[in-house]
Amino acid sequence: MSKPTAPVFPFFPKLFPDVVSQISKMPLQRLLTLTNFQKNSLGWVFCIPLTAILVLISHGAVSAEVANTVGETVPVTMSKLQGSINTLWMILATLLVAIAYGGFAFLNAGFSRYKNVVNALAINLLTLIVTTFVFWSFGFALIFGTEGNEIVGSGAWFLGAKTAEIYGLKPFPDGLPLSIFFLFETALAGITAMIVAGAIAERVKFRDFLIFTVFLMGIAYSLVGHWIWGGGWLNKMGFHDFAGSTVIHSVGGWAAFSGLAILGPRMGKYETKKTNKLPGHSLSWAFLGCLMIWLGWFGVTGGSVFALNQKVPSILLVVNLAAVSAGFVAMLTSWLQTKKSDLSLIIRGVLAGLVAISGCCNAISTVSAIWIGAIAGLLAVLFIGWFDRVRLDDPVGVLSVHLIGGLWGTIATGIFDNKTGLITGQFLLLLNQLIGIAAVGVFMIIFSFVIWTLIKAIFGLRVGLEGELHGLDISEHGITAYNGFVMESVGGLTPIYDDDSEDLPVSSESELSQEESKPVNEIQETDSNDIEESKQKN
């Protein structure tokens with residue numbers, strides 16, 4: 001029996017001397033050919049000098065760092081490292097919130113009819129632009145400025161402070177850089193305006209909504225944000241809202257509630273005693289929007305820690321559990337009501353769970369998260385029907401998801417908080433939460449009602465009858481999302497730009513022939529007649 005040879009690694013085709021002999025005999029051009037590397041497995045050889053260079057450079061860099069840090073203590077170095085990690089996490093969290101922005105755009109557009117899709121997308125995009133400008137100008141200073149009082153903050157406008165301490169931040173590395181803190185808070189603020197956009201969709205003038213957004217973000221959101229997050233009177237009283245059940249969702253929900261009361265329903269929604277369904281044009285878009293918001297909510301809640309530590313994974317876990325339980329209960333409730341599992345209600349249930357858990361996700365157990373989400377999903381489905389009965393026409397379901405979900409999340413904080421909640425036998429936190437709900441609700445209803453009324457008196461607020469009939473894509477933007485498409489309707493085919501209107505007839509010179517604009521049964525009869533005539537001729 002021959003003596004077994006030692007195993008050879010796959011990247012060593014032969015012993016090293018043989019490799020050197022091969023290289024010396026190989027022409028340079030052939031040696032440098034990629035296919036030859038692959039064929040002869042000699043490419044690894046050139047990694048040797050490259051590795052040596054990298055080792056030398058790394059050794060020099062480490063030596064220089066050691067020389068520069070002589071006399072510094074280890075905690076300072078670790079503090080800088082932790083500060084950099086926290087900053088990196090906040091950048092990622094801000095990007096996740098940006099994904100949620102896209103989710104809100106898809107959600108609002110999906111629940112809108114096809115003639116209003118461009119308007120829904122444009123409003124969501126301009127919301128981000130207007131919010132960023134207003135927040136950079138003065139809104140951020142009104143929330144976090146430490147030179148104000150318990151009602152309104154004050155600090156340098158246009159981020160002009162020389163030190164971050166003016167906005168309540170510790171200097172880096174103990175705190176975050178001012179720039180990333182501003183970007184994250186701006187991203188959260190924009191969600192509030194997007195909430196309002198979904199409720200009043202398909203009937204409000206584009207310009208007038210942007211005007212309202214300036215007042216909402218510059219004054220209302222900034223004041224409430226200072227009361228709770230900026231060291232204001234609710235914060236000092238003990239009110240708790242970790243990631244926006246009140247500041248973001250209740251504020252947006254109350255503003256939408258006032259707007260719907262003044263605007264009135266969409267044309268054709270409540271013209272008879274029975275509520276007429278005006279379904280959105282694409283549940284696929286709404287479904288995609290739900291998933292994007294779900295993903296983005298990990299940034300909203302996890303980023304609200306403002307650090308990457310052991311709290312973040314537990315927060316993400318309870319957020320996910322609340323969304324899952326809310327969606328499941330919404331599905332069951334839908335099935336019990338109609339014997340069908342309505343996807344639109346499941347979507348709203350999931351979103352309601354995310355809204356409700358935001359206020360307390362840093363202070364509850366996983367079991368509490370299941371209960372909070374389940375109740376949020378149930379309330380979302382039940383209140384959608386209730387708001388229809390009181391004739392508040394909400395295409396996206398903002399009131400049941402964000403207003404009711406935000407109110408329930410605020411109350412749930414006082415019940416399920418692990419340290420001071422009602423489940424521990426303490427009542428003070430729940431009392432503080434109820435006071436906060438009442439204060440924010442009264443302020444937002446009065447403020448929003450005044451602003452909506454003034455805009456209506458000056459600019460009109462609502463589009464005209466013809467504009468609503470043709471769709472806001474045409475009346476407000478002059479374009480359509482599905483230009484050239486032919487949409488199916490009851491009894492025939494309807495061009496996308498001719499929504500039951502005689503003012504926009506289909507031209508005989510267009511790509512849509514008059515035969516295509518006939519009802520389906522007429523087309524089929526014409527085709528059958530042509531076939532019979534051809535048979536008789538033959």
Given E468, which of R203, K115, R462, R113 fulfils the salt bridge (charged side-chain N to carboxylate O under 4.0 Å, His left out) condition?
R462
Smallest heavy-atom separation, V396 atom then L107 atom, equals CG1-CD2, 4.0 Å
Can you check ring-ring contact (aromatic ring centres under 6.0 Å, His included) on W136 and F158, steps first, answer last?
CA-CA 5 Å; W136 169 74; F158 306 102; 4.9 Å; yes
Checking side-chain polar atoms at under 3.5 Å, does E202 have a donor or acceptor matched by the opposite partner on N116?
yes
Check whether the side chains of W297 and N320 place a donor and an acceptor atom closer than 3.5 Å, and report yes or no.
no
Please name all residues satisfying side chain to side chain contact (heavy atoms under 4.5 Å, CB included) with V312, sequence neighbours left out, ordered by chain then number.
W89, V305, L308, N309, L316
Kindly write out the residues that satisfy side chain to side chain contact (heavy atoms under 4.5 Å, CB included) with L121, not counting sequence neighbours, or none if the list is empty.
A105, A109, V117, W285
Show every side-chain hydrogen bond (donor to acceptor under 3.5 Å, both in side chains) that has at least one partner inside [range], sequence neighbours left out.
| range | result |
| --- | --- |
| residues 184-197 | none |
| residues 242-258 | T246-T410, H249-H402 |
| residues 387-397 | R266-D393, Y270-D388 |

Can you spot which of Y221, F449, W227 makes a ring-ring contact (aromatic ring centres under 6.0 Å, His included) with F443?
W227
Would you sort out whether F306 and F181 count as a ring-ring contact (aromatic ring centres under 6.0 Å, His included), showing the intermediate values?
CA-CA 8 Å; F306 301 115; F181 181 70; 5.5 Å; yes
W452 six-ring centre to K456 NZ/CZ under 6.0 Å and within 45° of normal
no
To the nearest 0.5 Å, tell me how far [X] [atom1] sits from [Y] [atom2].
| X | Y | atom1 | atom2 | answer |
| --- | --- | --- | --- | --- |
| L392 | S400 | CG | OG | 11.5 Å |
| I129 | L210 | CD1 | CG | 9.5 Å |
| H470 | S475 | NE2 | OG | 8.5 Å |

Would you say the rings of H281 and F111 are close, in the sense that their centroids are separated by under 6.0 Å?
no
Could you tell me which residues satisfy ring pair (Phe, Tyr, Trp, His ring centres under 6.0 Å) with F182, sequence neighbours excluded, listed by chain and number?
F140
Apply side-chain contact (heavy atoms from CB on, under 4.5 Å) to L178 and Y167, showing your working.
CA-CA 8 Å; L178 176 60; Y167 302 113; 3.6 Å; yes
